[in-house]
Protein chains: 2
Amino acid sequence: MGWGDLGAFGEPSKETPNLDQMASEGMLFLDFYTANPLCSPSRAALLTGRLPIRNGFYTTNAHARNAYTPQNIVGGIPDSELLLPELLKKAGYTNKIIGKWHLGHRPQFHPLKHGFDEWFGSPNCHFGPYDNKATPNIPVYRDWEMVGRYYEDFHIDLKTGEANLTQIYLQEALDFISRQQASQQPFFLYWAIDATHAPVYASKHFLGTSQRGLYGDAVREIDDSVGKILKHLQKLNISENTFVFFTSDNGAALISAPRQGGSNGRFLCGKQTTFEGGMREPAIAWWPGHIPAGKVSQQLGNVMDLFTTSLSLAGLQPPSDRQIDGIDLLPAILQGQLIDRPIFYYRGNEMMAVRVGLYKAHYWTWSNSWEEYSKGIDFCPGQNVSGVTTHTKEEHTTLPLLFHLGRDPGEKYPISFASAEYQGAMERISNVVQQHRVTMVPGEPQLNVCDKAVMNWSPPGCEKLGKCLKPPESEPQKCIWSH
Amino acid sequence: MGWGDLGAFGEPSKETPNLDQMASEGMLFLDFYTANPLCSPSRAALLTGRLPIRNGFYTTNAHARNAYTPQNIVGGIPDSELLLPELLKKAGYTNKIIGKWHLGHRPQFHPLKHGFDEWFGSPNCHFGPYDNKATPNIPVYRDWEMVGRYYEDFHIDLKTGEANLTQIYLQEALDFISRQQASQQPFFLYWAIDATHAPVYASKHFLGTSQRGLYGDAVREIDDSVGKILKHLQKLNISENTFVFFTSDNGAALISAPRQGGSNGRFLCGKQTTFEGGMREPAIAWWPGHIPAGKVSQQLGNVMDLFTTSLSLAGLQPPSDRQIDGIDLLPAILQGQLIDRPIFYYRGNEMMAVRVGLYKAHYWTWSNSWEEYSKGIDFCPGQNVSGVTTHTKEEHTTLPLLFHLGRDPGEKYPISFASAEYQGAMERISNVVQQHRVTMVPGEPQLNVCDKAVMNWSPPGCEKLGKCLKPPESEPQKCIWSH
């Protein structure tokens, strides 16, 4: 989902009454970012509070390439990483993940080995259907064991776009919340549904209801579901004890537009890129009785802050033995403070850009290769900013391209290198970057090796269902990441 | 001002608290249009309820060219046109225009000859400063006579961007409203300020206060002024008897961005074009006690509707002796009805596009000429949709380019000519267009002839001020309209 997909963020069909109301009852963040313009690294960053370059969710197979956890990925979240649910456990929290895990699907990466107490969902994206010969269909887990596979036991009709997944995930959430409320246990629910990811789907009730087509149907279903979760908290009388945060893991995938892709508002390009469209996210914090209603924050935020902020809410300190990139947003959320902090825009192993205040400096620019672009793969459809949305990887490290995101949120007008404004802003930014680089110790890259043998052939529980498949011979190879 | 310039419409700095509050207390229109992507024709349409092609505010000097009323224009609003204030007079209204008139500056076009009782403002844009030799500075009128000239008696500092004009126009509005309330007279106030038009200005109090630069300062001053006007109505206890509508006369002028130009959100291109960015406008209706608070309307609206709606509010019928294009929006505003009606997108003498429901068909596409574009004049900076934002005037009358504005508000993905969707939508649209063409009787074009002799050399009242200038010999010529 992209920054521009909610009514509260200016989507011209304004079809998200529940999320808009959540914003009007809570705090809307205008300058909230993901840690990476792609799913897996973004989610790893959220749960570790650390940039993907630190927690290993990146590749060194090629320079500045996006990577994630497809079925044949060998790596996953290292045991050495401390995940939010692991830490929350110490404060008595019960932790559940519903939906897409995406931090590795081999046994050692199972979410219940990394702090979660419950899981209902899948380890990978709902791509498919596959033939179960060259490639197995993606399993759906309940806790330790698979309970079926996408396209087999969990239907997704690619022709009509119909699937009940969001409804199933919603019911899981409501049930979990009810149980936790009944047991008076504090809980952490990571509701990581995979709608609106392509292939886009919605349940029958929502199909054809949006002006925006199938993608809009999916957004409407998410909106409706969030509304039901919030109402459930209120009905159970625990809304004033429950902090809720809504955001997305990357910008809208414009390559799937218009039928399957969303909107990044007026921002440049989309998912896969380090332009604003790829990394600025819709974000809403909700906590009745604590967050004053209808506030708007210009605090620079990041999904990694949800790690530190959640710990703070639970009365816990973040780990002191490692670099944590997330900051505690509570002073911004509860007292309206503005905390000075930079935003780093990474693509794989490269820091492409950095934001300090309203200035954003691009040290590298790249949309995708000419080779890909000529095949019709376009991360910036209809947009073309000369020298900015480049199809060759352009280095600007000695003279970064500088934009003022206040008067030029669309990154269209680089500030003149000769101007006093450029000199002043870059001096400040250079210091921030230098400090960042000095303390940067990259983690072991987890997204370098692929092997068809590690696919979801025989997940635990497959025997009971008669759904075990025979894996091929192991043939580890460098993964190919094309952009 | 463009669709995307208000916080309520997703401007990412969200700096318009007063207009956003106006929307939350009233009705926000998401699909509201101007009648022309340029100032004079748009304003003529608003005050006559008729398309510029009917009321004469267009040119036939060249095909599909934008035209307006610069200082050397010979034409203006014809006496045969019935303006909103002329009609409101019959219901006892006192009518005032504050700000830019723009319907012709020769004596016969004076606003007090066309129904207004009072005027404070200028006949033309605040371009300048001029030398008063080749070109006179623009006069500012109080009622029948000029009281000074821009850049001489009304300062605009182009270097700092400082000018008090919006404050002066605000005070005029507050004074007029107070007087009307005291005299218990119904009134029509046309607050037609010329901020945010380039050269952009703001008063000292607002300079440097916006994240968005000088343009944002101007928006903030307008926002603050609207807030003061609404509060004034409330203080005087007449807010429940006063219908207020906020909109703009064309999309943001992207050629002036980023320092002097605004935002059309995610819409394509800007002012001068018939893409959504040129003609879809921010629009808010406010009438406490009558319009339910916080409503959002998807009624297709047009500035021309303000003519018919205002008459309806005053208990008057629109003229029956001529074609009126504006519709009465009250059923949409007060009862939430959705009235089926098309939107026509004209550029000069050509119908470029038409919207019916969520479909928009382009019969002609053009941004501007290669000749202009190569000089750096760009109405679509950073945007380029192949075959759509064309720099040659492209005719599509036999096979219009069709877009679905729900799933593709950015006009990036033309619907396949071969699809059933195309066939179905075009059948409906063709009927609408045919009916429109059959009943179209173009008015006498007013914007064809230019003459330096008709400039504001010696406006009435110049003698008292010693500001009369000697006009040159009359040399009527065809006006040159380059886009």
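Here is the naming used below: chain letters follow the sequence lines, and residue numbers restart at 1 for every chain.
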Establish, from distance only, whether the side-chain atoms of B:Thr389 and B:Ser367 form a donor-acceptor pair under 3.5 Å. no
Look at A:Cys380, A:Gly410, A:Gly261, A:Pro258 and state which one has the largest set of heavy-atom pairs under 4.5 Å with chain B. A:Pro258
A:Ile415 versus chain B, heavy atoms under 4.5 Å apart: side chain, backbone, both or neither? neither
Among B:Gly262, B:Gly382, B:Gly7, the residue with the most heavy-atom pairs under 4.5 Å to chain A is B:Gly382
B:Arg428 with B:Asp340: basic N within carboxylate O range, under 4.0 Å: yes
For the residue pair B:Glu421 / B:Tyr359, report whether a side-chain donor-acceptor contact shorter than 3.5 Å exists. yes
Cut-off 4.5 Å, heavy atoms of chain B, and the answer for A:Pro409 is side chain
Which one wins on heavy-atom pair count under 4.5 Å against chain A: B:Leu6, B:Val388, B:Asp408, B:Asn384? B:Asn384
Looking only at heavy atoms, the pair that brings A:Pro381 and B:Lys412 closest together is O-CE, 2.8 Å
Closest approach of A:Leu19 and A:Ile284, non-hydrogen atoms and distance? O-CD1, 3.4 Å
Among residues 209-218 of chain B, which residues come closer than 4.5 Å to chain A, judged by heavy atom distances? B:Gln211, B:Arg212, B:Gly213
Part of residues 265-280 of chain B lying next to chain A, heavy-atom separation under 4.5 Å: B:Gly265, B:Arg266, B:Phe267, B:Arg280
Test item: A:Glu372 and A:His391 side chains (from C-beta on) under 4.5 Å apart, heavy atoms: no
Validation row: B:Pro400, B:Tyr422 side chains within 4.5 angstrom (heavy atoms): yes
Are more than 12 heavy atoms from other residues, nucleotides or ligands located less than 6.0 Å from atom OH of B:Tyr373? no
Please round to the nearest 0.5 Å and tell me the distance separating atom CG of B:Leu28 and atom NZ of A:Lys14. 5.5 Å
Go through A:Gln383, A:Glu11, A:Glu15, A:Glu411 and name the one with the most non-hydrogen pairs under 4.5 angstrom from chain B. A:Gln383
Among the listed options B:Pro12, B:Ser13, B:Gly10, the residue most often paired with chain A at heavy-atom distances under 4.5 Å: B:Pro12
Just so I know, are the side chains of B:Val296 and B:Leu30 near enough to count as touching, which here means a heavy-atom distance under 4.5 Å? yes
Among B:Gly4, B:Ser24, B:Ser263, which residue forms the greatest number of heavy-atom pairs with chain A at distances under 4.5 Å? B:Ser263
At their closest point, which heavy atom of B:Asp31 faces which heavy atom of B:Arg355, and how far apart are they? OD2-NH1, 2.8 Å
Grab the two heavy atoms, one from B:Leu207 and one from B:Gly161, that are nearest each other, plus how far apart they are. CD2-O, 3.8 Å
Minimal heavy-atom distance between B:Ser248 and B:Val303, with the atoms involved, is O-CG1, 4.1 Å
